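Have a look at the structure below, then the notes.
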Amino acid sequence: MEDTLAAAVRAALAALPDLPDDFDAEAVEVEFQTPNDPTHGDLATNVALQLARPLRRSPRAIAEGVAERIEVDPTRVAAVEVAGPGFLNIRFASAHLTAGLAELLTQGERYGRVTDHDGETAIVEYVSANPTGPLTVGHGRNAVLGDTIANLLDWTGYDVVREYYFNDAGRQMRVLGQSVRARYDGIVRPDGPTKTLEDGLEVPASFPDDGYRGEYITDVARGLAEEHGDALLDAEDEAPFKEAAEKAVFAEIMATLGRLGVEMDSTFNERTLYEGDPAPVWDVVETLKAKDLAYEEDGAVWFKTSALGKTDSRDGEEEGKDTVLVKSSGEPTYRLPDIAYHLDKLGRADLVLDVFGADHIATYPDVVRGVEALGGDADAIEVVVYQFVTLVRGGQPVKMSTRKATYVTLDDLMDEVGEDVTRFFFLMRAPGTHLEFDLDLAKEASEKNPVFYLQYAHARIASIERKAEETGLDASAEADLSALDHESEEALVKTLLQFPDEVRTAAGARAPHKLATFLRDVATAFNAFYRDCRIVGEDEPLATARLKLARATRTVLKNGLTILGVTAPEQM
RNA sequence: GCCCUCGUAGCUCAGUCGGAUAGAGCGACUCUCUCCUAAAGAGUAGGCCACAGGUUCGAUUCCUGUCGAGGGCGCCA
């Protein structure tokens, strides 16, 4: 529609009298926007304002010239008007709307899918928490954002892989194993030596100072004690404890994600980057060395990021800064496997999207430099960075400490406010803003809750459909959609027909909240229609047409909620 | 010190590829159910779009600076 109109506007521009010789109407970019004010029509363009200078005449004169000469399909466009300082406002014909509505109903649960990226593949990496403990509220925002962005990409044609990257070989996991072992000691030898940590917690003497204190550690230890008795006291290292903990924690993480509606397609263990010949990580090091972008010094391997633009001005003096890839202990820093991992992903997909918190943003430039240096297409890598979540209860922030295990877990949150609310609250704000999660609004004031507003509208339509069926209305019958000429009906139809474009916009911006905002507009437009137009009780042709409109609304709400991962209930 | 994100109504936030009168929810105050779900709807009040410059026919939107909030700057992840 917009492309056709743009061509028509260009043709009209070309037909204007007394044009300068160097003016090429075909080269003019004609962009349309949807006016805020409905009296300004359905689409508007500001070409006349932009051409005022090159054409050296007033914007209104240009706009009027175009409006007089433009040729449009009268079944699609009802009017082209000049308004304000020189805007061209386009008003749709009602036949355009009924055609769109019929198409919506035909497509049903596929309505809103677009084909822009058919044939392209995307890997969305999210959650990626190492299995050291239960998922936190912060992981929740990550999981829901990643999952929903993956859904949006899917709806724009991408073949999407949802991937979880983790590492069970590092220091964190070693401490986890030691923590479990200490708890195990305490259980099988209740009279063994203990110590008191600085915050007053009494633990077995072998408990690491930076150990994990959560109750789940003791649970794993208790399970081992029940299964093996005290036989593990003589274990050579913490390996059996680590493995038991990893297995238990991973099962818990996946169960938590499942509650949120998040199902991963693939888990990628960092360890695999050290396997094979050559192993991907060492291949990265060798290749960088061969390109003179890596060198050894003080027993470590350095990535010459100074030559690629990285600087450090902490001391006031701007100077180049290199980055350690392999510590003098022989152990790589996280950057090396990250680079190898992204190269691996680029080999598997056209778009590589990472979702991570603001605290990890500094890792991204090094990965990009590494990928570029090795000839990878760094432009295909995108990062969605989200800010932290603050839980608020009674107007006060909820204090959380990971070390002391006083944080609220994602499961706790879902227990308290429900899965749908959790999901929606994480999605309704732009990723880059600090999210304030108001537990009181999420739970106690459920009728004021934005997620219920959408679900209620959907349930209300389902209720109307049940009622209509009882009174003998046939929703599948042919209907003359042109009977829908009430102001509220037309406004609702126009809103519904924006859905595919809203999907496209939200997906392109990697911004699920845009879809959430749109769905609220849909529900509001439906409520206005519900107020003004009855269905059951009207004469049959009109009632059937309105029933179709209600069905169309339900389709858009359902499809939108499905993308967001929120349920669309039949009744509430 | 430097880098990143952010600053819009009392509160939480949309909006901004530069456009015509800056929006919603919550909170406050009025109203509306003999009627398909009132978990709704109608209305009132509430804004120097942090501040100061610049670019432009036009700036909340782009640029620079200042102030304020959060995050980051390791041979930790």
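Lettering follows sequence order; numbering is per chain, from 1. Because only heavy atoms are used, hydrogens play no part in the values below, and waters and symmetry mates are left out as well, while side chains stay in. Remember, predicted model here, so these are calculated numbers, not experimental data.
Taking the P atom of each, B/A14 and B/G25 are spaced 16 Å apart, rounded to whole Å. With both ends at atom P, the span from B/U16 to B/C63 equals 16 Å, rounded to whole Å. Separating the C1' atom of B/C73 from that of B/A39 is a span of 48 Å, rounded to the nearest Å. For the P atoms, the distance linking B/C29 with B/A38 amounts to 24 Å, nearest Å. Look at the C1' atom in both B/A20 and B/U64: the space between them is 29 Å, to the nearest Å. Going from the P atom of B/C4 to that of B/C51 covers 23 Å, rounded to whole Å. One C1' atom belongs to B/G47, the other to B/U8, and the distance between them is 8 Å to the nearest Å. Taking atom P on both nucleotides, B/U60 is separated from B/A52 by 12 Å, rounded to a whole Å.
As rounded to whole Å, 13 Å separates atom P of B/C17 from atom CG of A/Asp501. Remark: C1' of B/A77 and CG of A/Leu176 are 15 Å apart, rounded to the nearest angstrom. With rounding to whole Å, A/Arg520 atom CZ is found 10 Å from B/C26 atom C1'.
Pairing for B/C62 goes to B/G54, judged as Watson-Crick or G-U wobble with the two contacts each under 3.5 Å. Of all nucleotides present, only B/C67 satisfies the Watson-Crick or G-U wobble test against B/G7, with each distance under 3.5 Å. When Watson-Crick and G-U wobble pairs are counted only if both distances are under 3.5 Å, B/U44 pairs with B/A28. Across all strands shown, nothing is found opposite B/A20 as a Watson-Crick or G-U wobble partner with both distances under 3.5 Å. Of all nucleotides present, only B/G72 satisfies the Watson-Crick or G-U wobble test against B/C2, with each distance under 3.5 Å. For B/U34, there is no paired nucleotide, since no Watson-Crick or G-U wobble pair has both relevant distances below 3.5 Å.
No aromatic stack links A/Tyr453 and the base of B/A39, using centre distance under 5.5 Å and interplanar angle under 30°.
Counting non-hydrogen atoms under 4.0 angstrom, A/Gln50 reaches a base of the nucleic acid. Looking at heavy-atom distances under 4.0 Å, A/Asp366 makes no contact with the nucleic acid at all. Residue contacts shown for A/Phe388 are limited to sugar-phosphate atoms, with no base heavy atom under 4.0 Å away. A/Ile461 comes within contact range of no nucleotide atom at all, as no heavy-atom separation falls under 4.0 Å. Here A/Ala457 lies out of heavy-atom contact (under 4.0 Å) with every strand. Residue-level contact check: A/His513 touches the backbone only, with heavy atoms under 4.0 Å from sugar-phosphate atoms and none from bases. If you check every strand for non-hydrogen atoms under 4.0 Å, A/Asp298 touches a base. Nucleic acid contact class of A/Glu331 (heavy atoms, under 4.0 Å, all strands): none.
Using modelled atom types and a 3.5 Å distance limit, the side chains of A/His342 and A/Asp354 yield a donor-acceptor pair. With 3.5 Å as the limit, one finds a donor-acceptor pair spanning the side chains of A/Thr524 and A/Tyr453. When only modelled atom types and interatomic distance are considered, A/Thr567 and A/Asp420 share a side-chain donor-acceptor pair under 3.5 Å.
In terms of phosphate contacts, A/Arg531 brings a side-chain nitrogen or oxygen within less than 4.0 Å of OP1 or OP2 of B/A42. Residue A/Tyr334 places no side-chain N or O under 4.0 Å from the OP1 or OP2 atom of B/G74. Contact annotation: A/Lys327 side-chain N/O to B/C76 OP1/OP2 distance is under 4.0 Å. Phosphate proximity of B/G19 to A/His40: absent, as no side-chain N or O sits under 4.0 Å from OP1 or OP2. Taking only side-chain nitrogens and oxygens, A/Asn527 never comes nearer than 4.0 Å to OP1 or OP2 of B/A40. Within the 4.0 Å cut-off from OP1 or OP2 of B/G25, not a single side-chain nitrogen or oxygen of A/Thr517 is found.
Of the candidate nucleotides B/C36, B/G19, B/C75, B/C36 has the atom lying nearest to any side-chain atom of A/Lys467. Across B/C4, B/G72, B/U12, the shortest atom-to-atom separation from the side chain of A/Ile361 is found for B/C4. Distance from the side chain of A/Ala430 is smallest for B/A14 among the nucleotides B/A39, B/A14, B/C75. Set against B/C36, B/A40, B/A77, the side chain of A/Arg460 has B/A40 as its closest nucleotide. Proximity note for A/Lys514 (side chain, C-beta onward) versus B/G15, B/C75, B/G71: the nearest is B/G15. Nearest nucleotide to the side chain of A/Gln387, out of B/C17, B/G70, B/G15: B/G70. You'll find that the side chain of A/Glu436 is closest to B/C13, out of B/A77, B/C13, B/G25. Of the candidate nucleotides B/C13, B/C75, B/G71, B/C13 has the atom lying nearest to any side-chain atom of A/Arg429. For A/Arg534, counting side-chain heavy atoms from C-beta on, the closest listed nucleotide (B/A39, B/C75, B/C36) is B/C36. Side-chain atoms of A/Ala300 lie closest to B/C75 of the nucleotides B/A77, B/C75, B/G71.
Its glycosidic angle being within 90° of 0, B/C33 falls on the syn side.
Residue-to-nucleotide contacts include a donor-acceptor pair under 3.5 Å from the side chain of A/Ser328 to the base of B/C75. Checked by distance alone, A/Glu465 brings no side-chain donor or acceptor within 3.5 Å of a matching partner on the base of B/C36.
Here the CG atom belonging to A/Leu336 is positioned 10.0 Å from the CZ atom belonging to A/Phe303, to the nearest 0.5 angstrom. How far CZ of A/Phe87 is from CG of A/Leu43: 13.5 Å, rounded to the nearest 0.5 Å. Here CG of A/Leu427 is found 9.0 Å from CD1 of A/Ile149. Values are rounded to the nearest 0.5 Å.
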Distance-only check: which donor-acceptor pairs under 3.5 Å involve side-chain atoms of residues 294-301 of chain A, not counting sequence neighbours?
from: A/Tyr295; atom 1: OH; to: A/Asp322; atom 2: OD2; distance (Å): 2.5
from: A/Glu296; atom 1: OE2; to: A/Lys289; atom 2: NZ; distance (Å): 2.8

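The residue among A/Met428 and A/Ala44 whose nearest nucleotide of RNA chain B lies closer to the 5′ end is A/Met428. Mapping A/Gln33 and A/Arg171 onto RNA chain B by nearest heavy atom places A/Gln33 at the nucleotide closer to the 5' end.
Salt bridge status for A/Lys558 with A/Glu570: absent, with no side-chain N to carboxylate O gap under 4.0 Å.
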Under the salt bridge (Lys or Arg N to Asp or Glu O under 4.0 Å) rule, what do A/Glu64 and A/Arg60 come out as? Steps first, then yes or no, please. CA-CA 6 Å; A/Glu64 280 162 10; A/Arg60 265 202 89 94; 3.5 Å; yes

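Because its NZ or CZ atom is both nearer than 6.0 Å to the ring centre of A/Tyr530 and within 45° of the ring axis, A/Arg460 counts as a cation-pi partner of that residue.
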